[in-house]
There are 2 protein chains.
Amino acid sequence: MASGRKLTFDKHQALEAAMYVFWKKGYGGASLAELTHRMGINKPSLYATFGNKEALFVQATDYYAEVIGAKHNAFLTQKDTPLSMRLKLFLTSIIKGQCDKNNPKGCYISLCAAETESEDIPQAAQQKILEVSELTYKALVTLFKEDVEAQHYKLDTQAQHHACFLMATIHGTAAMARAGKSQKALMPVVDHAIEGLGLAL
Amino acid sequence: MASGRKLTFDKHQALEAAMYVFWKKGYGGASLAELTHRMGINKPSLYATFGNKEALFVQATDYYAEVIGAKHNAFLTQKDTPLSMRLKLFLTSIIKGQCDKNNPKGCYISLCAAETESEDIPQAAQQKILEVSELTYKALVTLFKEDVEAQHYKLDTQAQHHACFLMATIHGTAAMARAGKSQKALMPVVDHAIEGLGLAL
DNA sequence: GGTCAAATTTACCGATCGGTACATAATTAA
DNA sequence: TTAATTATGTACCGATCGGTAAATTTGACC
């Protein structure tokens, strides 16, 4: 049985708060002062519960992938929906999230992946970011290879190329959303991207 | 006449070195220690010559726009070249630069623009980044509106949409290059993007 | 050669960085 | 009630952050 004083905060709630801080500031830009403030706890509690900044980042990144990323990817396999419409819903959902004024602008993964090249991010954090950034790519490759409609349009032959193109589109709108572009301004990108695949709407 | 001791370093050379540091680390991630080390000078010399970190960043960003950015944009107006080919040369040149192993991976502007949302970047630096990031966008809008071939393909009617789509493509490949994707892996994006505009190769 | 102006080096400033030692408060088991 | 266990608040650690004061070189002009 566990004895001793109980936690005075909700662990998931604190992790979510940490996720929003990393989403806004990246790994290096997120200070322990801001993290503890937004999480509503102090440093010793953070270290006792989550380990250290690096371990907290890994857990926050997993949380992001499970809660935010998976929500968008679900559109790719929505039943009774044409492929072009599934892709449109998928891209629109992503852009909406990137421009939502209730969230930090842009994409958590895209932002933190940029810190890879800076070399001032710990190994485990870097590996987790690369791992999570592959999830959507792999989902797209699988879609283009195995979806019957995709096969009909011959998108299965160069599935990696098509997935790479859509990933570039997603990362691109993320960068522009972070720089201040509105959802309305970015929506035309969706139709162009789908046309770039050779699919009509 | 200016009297007194002469500078022991080349001002342009030092500015170029600073540009590469910001390109690799962003504004917040670039420390004065690394800047002075790579520039080959010490802090008082930096402050006497360039002002402070913020002023140095503004000058380095202008330098990037003039030297790197302008080089890519030149392909857009190359004489005796079909529009689709000019766009292909333009995009290829950009991706090559983003993946060049002699440079920091990705795009200087795209990286530093991401720091805008972080709020830990001074006003003047933020404004300069936004200003420079509009240069390519405006060049593309002008191209689609005024180029006779673009008009023939009816690209002048929604020039902003098409320019926005290409900007997203550029920022997207920048993010992926920074995360480690090779030039070879990103090249398929070029053809998809041009097809997204409704142009054949 | 002497004088003044400008650039260099060295050393330091207060603030903040990630991380922790320590004492205190709260909870359960005995 | 007491002992053992766990969480909390405070106060601190060495390192690094951007920025600067002061003393020392170097050079151009008279």
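Quantities reported herein were computed from a predicted structural model and do not represent experimental measurements. So that the names make sense, note that chain A is the first sequence line, chain B the second, and so on, each numbered from 1.
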Problem set entry | B/Pro82 and B/Glu149, any side-chain heavy atoms less than 4.5 Å apart | yes
Exercise. Do A/Leu197 and A/Leu87 have side-chain heavy atoms sitting under 4.5 Å apart?
Worked result: yes
Exercise. Ignoring hydrogens and geometry, is there a side-chain-to-backbone donor-acceptor pair from A/Trp23 to A/Gly106 under 3.5 Å?
Worked result: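 Checked: pair present.
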For this session: Check whether any side-chain N or O of A/Glu54 sits under 3.5 Å from a backbone N or O of A/Ala124 as a donor-acceptor pair, and report yes or no.
Result: yes
For this session: Look at the rings of A/Tyr27 and A/Phe57 and say which category their plane angle falls in: under 30° parallel, 30 to 60° tilted, over 60° perpendicular.
Result: perpendicular
For this session: Strictly below 4.0 Å, heavy-atom distances to any atom of DNA chain D: list the hits from residues 10-22 of chain B, or just say none.
Result: none
Problem set entry | side-chain hydrogen bond (donor to acceptor under 3.5 Å, both in side chains) partners of residues 110-122 of chain A, not counting sequence neighbours, each pair once |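 For residues 110-122 of chain A: A/Ser110-A/His171, A/Ser118-B/Arg178, A/Glu119-B/Lys24.
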Exercise. When the aromatic ring centroids of A/His192 and B/His161 are compared, is their separation below 6.0 Å?
Worked result: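 No: the rings miss the under 6.0 Å criterion.
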Figure out the [atom1]/[atom2] separation between [X] and [N], and round it to whole Å.
X: B/Arg5; N: D/dT26; atom1: CZ; atom2: C1'; value: 5 Å
X: A/Asn42; N: C/dC22; atom1: CG; atom2: P; value: 18 Å
X: B/Met39; N: C/dT8; atom1: CE; atom2: P; value: 11 Å
X: B/Phe9; N: C/dA6; atom1: CZ; atom2: P; value: 15 Å
X: B/Leu35; N: D/dT16; atom1: CG; atom2: P; value: 16 Å
X: A/Ile121; N: C/dG18; atom1: CD1; atom2: C1'; value: 15 Å
X: A/Ile41; N: D/dT6; atom1: CD1; atom2: P; value: 18 Å
X: B/Leu7; N: C/dT9; atom1: CG; atom2: P; value: 12 Å

For this session: Determine whether the side chains of B/Glu34 and B/Ser31 contain a donor N or O and an acceptor N or O closer than 3.5 Å.
Result: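 Side-chain D/A pair, B/Glu34 to B/Ser31: absent.
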For this session: Ignoring backbone atoms, establish whether B/Ser3 has a side-chain N or O less than 4.0 Å from OP1 or OP2 of C/dC4.
Result: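 For B/Ser3, the contact criterion (side-chain N or O under 4.0 Å from OP1 or OP2 of C/dC4) is not met.
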Exercise. Do the side-chain N or O atoms of A/Thr8 get closer than 4.0 angstrom to the phosphate oxygens (OP1, OP2) of D/dA7?
Worked result: no
Seminar exercise, completed: Closest to the side chain of A/Lys6, out of D/dC17, D/dT8, C/dT27, is C/dT27
For this session: Just compare C/dC17, C/dT9, D/dC17 and give me whichever is closest to any side-chain atom of B/Ser31.
Result: D/dC17
Exercise. With respect to B/Cys99, which candidate in B/Met187, B/Gln183, B/Lys181, B/Met176 satisfies the side chain to side chain contact (heavy atoms under 4.5 Å, CB included) definition?
Worked result: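 Going through the options one by one, the only one that passes is B/Gln183.
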Please tabulate the protein-to-nucleotide N/O contacts below 3.5 Å involving nucleotides 19-21 of chain C, giving atom names and distances.
residue	atom	partner	partner atom	Å
C/dG19	OP2	A/Tyr47	OH	2.5
C/dG19	OP2	A/Lys53	N	3.3
C/dG19	O5'	A/Tyr47	OH	2.9
C/dG19	N7	A/Lys43	NZ	3.4
C/dG19	O6	A/Lys43	NZ	2.1

